[in-house]
Amino acid sequence: RMTATGSKHTLFLGVCGEVWAVGVGEGGRLGLGNENTKAEAEQVKGLSSDICFITVSERRSAAINTNGTMYVWGSGVLKPTKVICQPK
């Protein structure tokens, strides 16, 4: 359904809302729990099953589900982490 490509890694969003990652794992940018480089796409675990948007930057990745919950990883964060936003 969607592809997000950075200079060293790529995310793929599957038709069922799952996220796959491939490329250089430095800093955890793949979200696979380690810093290993992957030549073949591997599913990112720890995300909700209703992801509808993905994006990448040089060192980070993010995914948003249909309820607006955001998950981020990379820059030393090896696994997806839910971002909780509090209204002011």
Side-chain angles (χ1 to χ4, degrees):
R1 290 182 8 184
M2 179 183 283
T3 302
T5 303
S7 64
K8 296 184 179 181
H9 72 299
T10 299
L11 296 183
F12 304 97
L13 178 60
V15 295
C16 296
E18 74 279 12
V19 177
W20 299 79
V22 65
V24 177
E26 178 185 5
R29 71 184 81 197
L30 299 181
L32 302 175
N34 57 55
E35 295 187 87
N36 298 339
T37 293
K38 298 292 181 176
E40 295 183 19
E42 188 171 318
Q43 188 171 1
V44 179
K45 305 292 185 188
L47 300 171
S48 63
S49 61
D50 58 345
I51 298 298
C52 62
F53 182 80
I54 54 175
T55 188
V56 300
S57 68
E58 181 66 26
R59 294 183 175 92
R60 296 182 186 95
S61 301
I64 300 174
N65 71 12
T66 56
N67 294 326
T69 302
M70 178 184 279
Y71 299 85
V72 297
W73 59 94
S75 289
V77 178
L78 302 181
K79 295 182 179 180
T81 302
K82 187 186 292 188
V83 177
I84 300 173
C85 298
Q86 298 293 330
K88 291 184 178 185

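Please read all numbers here as calculations on a predicted model, not as lab measurements.
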Check your understanding: Nearest heavy-atom pair of Lys79 and Gly33: which atoms, and what distance?
Key -> CG-CA, 3.7 Å
Revision key, fill the gap. In short, Leu11 meets Ala62 closest at the heavy-atom pair CD1-O, 4.3 Å
Study note, to complete from the structure: Separation between OG (Ser75) and CZ (Arg60), nearest 0.5 Å, reads 3.5 Å
Exercise for review: Kindly work out whether a path of hydrophobic side-chain contacts (I/L/V/M/F/W/Y, heavy atoms less than 4.5 Å apart) joins Leu47 to Met70.
Suggested key: yes
Exercise for review: Would you confirm whether Trp20, through its side chain, and Glu42, through its main-chain N or O, come within 3.5 Å as a donor-acceptor pair?
Suggested key: no
Check your understanding: Which heavy atom of Cys52 sits nearest a heavy atom of Met2, and at what distance?
Key -> O-CE, 4.1 Å
Practice item. Work out which heavy atom in Asn67 is nearest to a heavy atom in Asn65; give both atom names and the distance. Key: N-OD1, 3.0 Å
Check your understanding: With a 4.5 Å limit on heavy-atom distance, are the side chains of Thr10 and Thr3 in contact?
Key -> yes
Review point. For Gly17, does its backbone N or O pair with a side-chain atom of Arg1 as donor and acceptor, under 3.5 Å?
Key: no
Point to revise | Pairwise side-chain contact, Lys82 with Thr69, heavy-atom cut-off 4.5 Å (strictly under) | key: yes
Practice item. Indicate if Leu78 and Val44 have the same hydrophobic cluster label, given that clusters are the connected sets of ILVMFWY residues with side-chain heavy-atom separations under 4.5 angstrom. Key: no
Revision key, fill the gap. Note: Leu13 and Phe53 closest approach over all heavy atoms is CD2-N, 4.0 Å
**Study point:** Side-chain touch Ile64/Ile51, heavy atoms, less than 4.5 angstrom
**Key:** no
Practice item. Spell out, as yes or no, whether a donor-acceptor pair under 3.5 Å connects the side chain of Glu26 to the backbone of Val24. Key: no
Exercise for review: Return the minimal non-hydrogen interatomic distance between Ser61 and His9, and the atom names on each side.
Suggested key: OG-NE2, 2.9 Å
Review point. When rounded to the nearest 0.5 angstrom, what distance separates NZ in Lys38 from CG in Leu30?
Key: 8.5 Å
